[in-house]
Amino acid sequence: MAGMALNAISSPKPVSYMHSNPSYNPYQVQRGLSAAGYSDTPPLSLAQPVPQQAGQLFGNGMGIGNGNGNGNGNGMSADEDSKIYNLVIDLMDPNSREGALLELSKKREQYDELALVLWHSFGIMPALLQEIVSVYPLLSPPNLTAHVSNRVCNALALLQCVASHSETRQLFLNAHIPLFLYPFLNTTSKTRPFEYLRLTSLGVIGALVKQNDNNTVIHFLLSTEIIPLCLRIMETGSELSKTVAIFIVQKILLDETGLTYICHTYERFYAVGTVLSNMVNQLVETQAVRLLKHVVRCYLRLSDNLRAREALRACLPEPLRDQTFSVLLKGDMVTKRCLTTLLNNLNEQ
């Protein structure tokens, strides 16, 4: 049933899917709820890796750190600037590229303007994309080694840098570069090289949605397959990958366009709701408080939509209604308040 839900929310597939199955309403079948008022047409016409490095993509908020304000504004001397430029030049040479990728990925948080240098330097973005595309043949059947995974993760870390910068983010989207990462997100192997590849790719998308003014980003992502890809990872990935994936879904929901899109049909709402419900059941066992925080916030945001709120009255998982997570949330007043607000919203008539 979860797989069916993932297919239902895919974009642009949902349009053809719903038109070919006009009477299909899995949520109505499951819960006996009326789908009255829900249109079948969408509301929008939208066109071995180093573990520490992978973890930092989420640990630092999936953003690029700022310089310390000394010297040239990047906290780096002129000599260090020169080293950065030389490393960027080394990216053009296949023989020196691997070392340059490693060194630049380490230094990206120390140099605020690295994104601008990478984007505007001749041939650099194609070189990074070449690193990504060259790995595709190793995805299926899964033959990705730790060494190759580490190398492409370093290239992805530089793309994250570009995705984070205010002056290159829109250019990054205009070039549709996030689509090059989707084959990595679509992998299912649970080996460490694949897990870190998925996590680092999620970090790039997370860097895009992390910005405050990200309506353009949300519109772009909704025109792609990012939601079903994130939902699959939320169900089957590692705890850290699940956390970054649900962070992305949460940021999409927080945008009014994203909330409207997901709640516009029962198929889409059901896809997201099914995965969130499965996560709640898993959290009863794992007690992963960081994941629980995001799950509660996603449910709370869904309850802002009146039709979704009506559905949640019937399908909100029982562990969120009773005191199952009271001990886990004992010291987290913010999440407890979010959960209380969610339950109050559902109790309103």
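Both backbone and side-chain heavy atoms feed into the values below; hydrogens, waters and symmetry mates do not.
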**Q.** Atom of Lys251, atom of Lys210 and distance for their closest heavy-atom approach
**A.** NZ-O, 3.9 Å
Q: Compare every heavy atom of Leu312 with every heavy atom of Arg321, then report the nearest pair and how far apart it is.
A: NH2-O, 3.2 Å
Q | side chain to side chain donor-acceptor pair (under 3.5 Å) involving Asn174 - partner list, sequence neighbours excluded | A | Gln170
Q. Given the rule in the salt bridge (charged side-chain N to carboxylate O under 4.0 Å, His left out) test, do Lys83 and Glu80 qualify, once you have shown the distances and angles that lead to the verdict?
A. CA-CA 5 Å; Lys83 290 179 181 178; Glu80 290 171 323; over 6 Å; no
**Q.** Candidate pair Ser277 and Asn281, rule side-chain contact (heavy atoms from CB on, under 4.5 Å), full reasoning
**A.** CA-CA 6 Å; Ser277 178; Asn281 292 330; 4.2 Å; yes
(Q) Using only atom types and a distance under 3.5 Å, with no angle test, would you say the side chain of Ser105 pairs donor to acceptor with the backbone of Leu102? (A) yes
Q) Can you check whether Asp81 reaches Tyr111 side chain to side chain, under 4.5 Å on heavy atoms? A) yes
**Q.** Pairing of Glu239 and Lys242 as salt bridge, 4.0 angstrom limit
**A.** no
Q) In Å and rounded to the nearest 0.5 Å, what is the CD1 to SG distance from Ile252 to Cys230? A) 6.5 Å
Q. Do you know the tightest heavy-atom contact between Asn305 and Ala308?
A. OD1-N, 3.0 Å
(Q) Main chain of Leu114, side chain of Arg108: is a donor-acceptor contact present, judged purely on distance under 3.5 Å? (A) no
Q. Do Leu101 and Asn150 have side chains that get closer than 4.5 Å, going by heavy atoms?
A. no
Q) Is there a side-chain contact between Pro178 and Leu173 (heavy atoms, below 4.5 Å)? A) yes
**Q.** Between CG on residue Leu283 and CZ on residue Arg290, distance to nearest 0.5 Å
**A.** 12.0 Å
Q. What's the shortest heavy-atom distance between His165 and Ala115, and which atoms?
A. CB-CB, 3.5 Å
Q | Sub-4.5 Å side-chain heavy-atom contact between Thr335 and Phe325 | A | no
Q. For Thr236, does its backbone N or O pair with a side-chain atom of Lys190 as donor and acceptor, under 3.5 Å?
A. yes
Q | Point-to-point distance, once rounded to the nearest 0.5 Å, from CG of Leu222 to CD1 of Ile262 | A | 7.0 Å
(Q) If hydrophobic clusters are built by linking Ile, Leu, Val, Met, Phe, Trp and Tyr wherever their side-chain heavy atoms come under 4.5 Å apart, do Val280 and Leu343 end up in the same one? (A) yes
(Q) Suppose we screen for side-chain contact (heavy atoms from CB on, under 4.5 Å). Which residues come up paired with Thr187, at least two apart in sequence or across chains? (A) Leu139, Phe194, Arg198
Q: Check for a donor-acceptor pair, side chain of Arg301 on one end and backbone N or O of Leu253 on the other, with a separation under 3.5 Å.
A: yes
Q. Does some side-chain heavy atom of Leu231 sit less than 4.5 Å from a side-chain heavy atom of Thr274?
A. no
(Q) Less than 4.5 Å apart, side chain to side chain, heavy atoms only: is that true for Ile246 and Arg297? (A) no
Q | Ser96 (side chain) donor-acceptor with Asp90 (main chain) under 3.5 angstrom | A | yes
Q. In Å and rounded to the nearest 0.5 Å, what is the OG to CZ distance from Ser149 to Arg192?
A. 10.0 Å
Q: I would like to know whether Val275 and Arg232 meet side-chain contact (heavy atoms from CB on, under 4.5 Å); could you show each step before the answer?
A: CA-CA 8 Å; Val275 173; Arg232 178 193 291 173; over 6 Å; no
Q | Minimum heavy-atom distance between Lys106 and Gln110, given as atom pair plus value | A | O-NE2, 4.0 Å
When the side chains of residues 129-138 are checked against the rest of the protein, which donor-acceptor pairs come out under 3.5 Å, sequence neighbours left out?
residue	atom	partner	partner atom	Å
Gln130	OE1	Arg97	NH1	2.9
Glu131	OE1	Arg151	NE	2.7
Glu131	OE2	Arg97	NH1	3.2
Glu131	OE2	Arg151	NH2	3.0
Ser134	OG	Gln130	O	3.3
Ser134	OG	Glu131	O	2.8
Tyr136	OH	Phe180	O	2.6

Q.
Using a 3.5 Å distance criterion without hydrogens, assess whether the side chain of Asn186 forms a donor-acceptor pair with backbone atoms of Tyr182.
A. no
Q: Find the distance between CG (Leu259) and SG (Cys298) and round it off to the nearest 0.5 Å.
A: 11.0 Å
Q) Between atom OG1 of Thr340 and atom NZ of Lys336, what is the distance when rounded to the nearest 0.5 Å? A) 7.5 Å
Q. When Ile124 is tested against each of Ile89, Leu91, Val162, Val117 for side chain to side chain contact (heavy atoms under 4.5 Å, CB included), which residue passes?
A. Leu91
(Q) Applying a strict under-4.5 Å side-chain criterion to I, L, V, M, F, W and Y, I'd like to know whether Leu128 and Leu116 cluster together. (A) no
Q. Is a side-chain donor-acceptor pair under 3.5 Å present for Glu167 with His120?
A. no
Q: Apply side-chain contact (heavy atoms from CB on, under 4.5 Å) to the pair Val209 and Gln250, showing each step before the final yes or no.
A: CA-CA 10 Å; Val209 300; Gln250 179 186 330; over 6 Å; no
**Q.** Cluster overlap Val334 with Val289, hydrophobic side-chain contacts below 4.5 Å
**A.** no
**Q.** Side chain to side chain, Thr243 and Phe247, heavy atoms closer than 4.5 Å
**A.** no
Q: Would you name the heavy atoms of Leu316 and Leu320 that are closest together and state the gap between them?
A: CD1-CD1, 3.9 Å
Q.
Is any side-chain heavy atom of Arg309 closer than 4.5 Å to one of Leu306?
A. yes
(Q) When you group the ILVMFWY residues by side-chain heavy-atom contacts below 4.5 Å and let the links chain together, are Leu208 and Leu254 in the same group? (A) no
Q) Could you walk me through whether Val204 and Ile177 pass the side-chain contact (heavy atoms from CB on, under 4.5 Å) check? A) CA-CA 10 Å; Val204 179; Ile177 291 178; over 6 Å; no
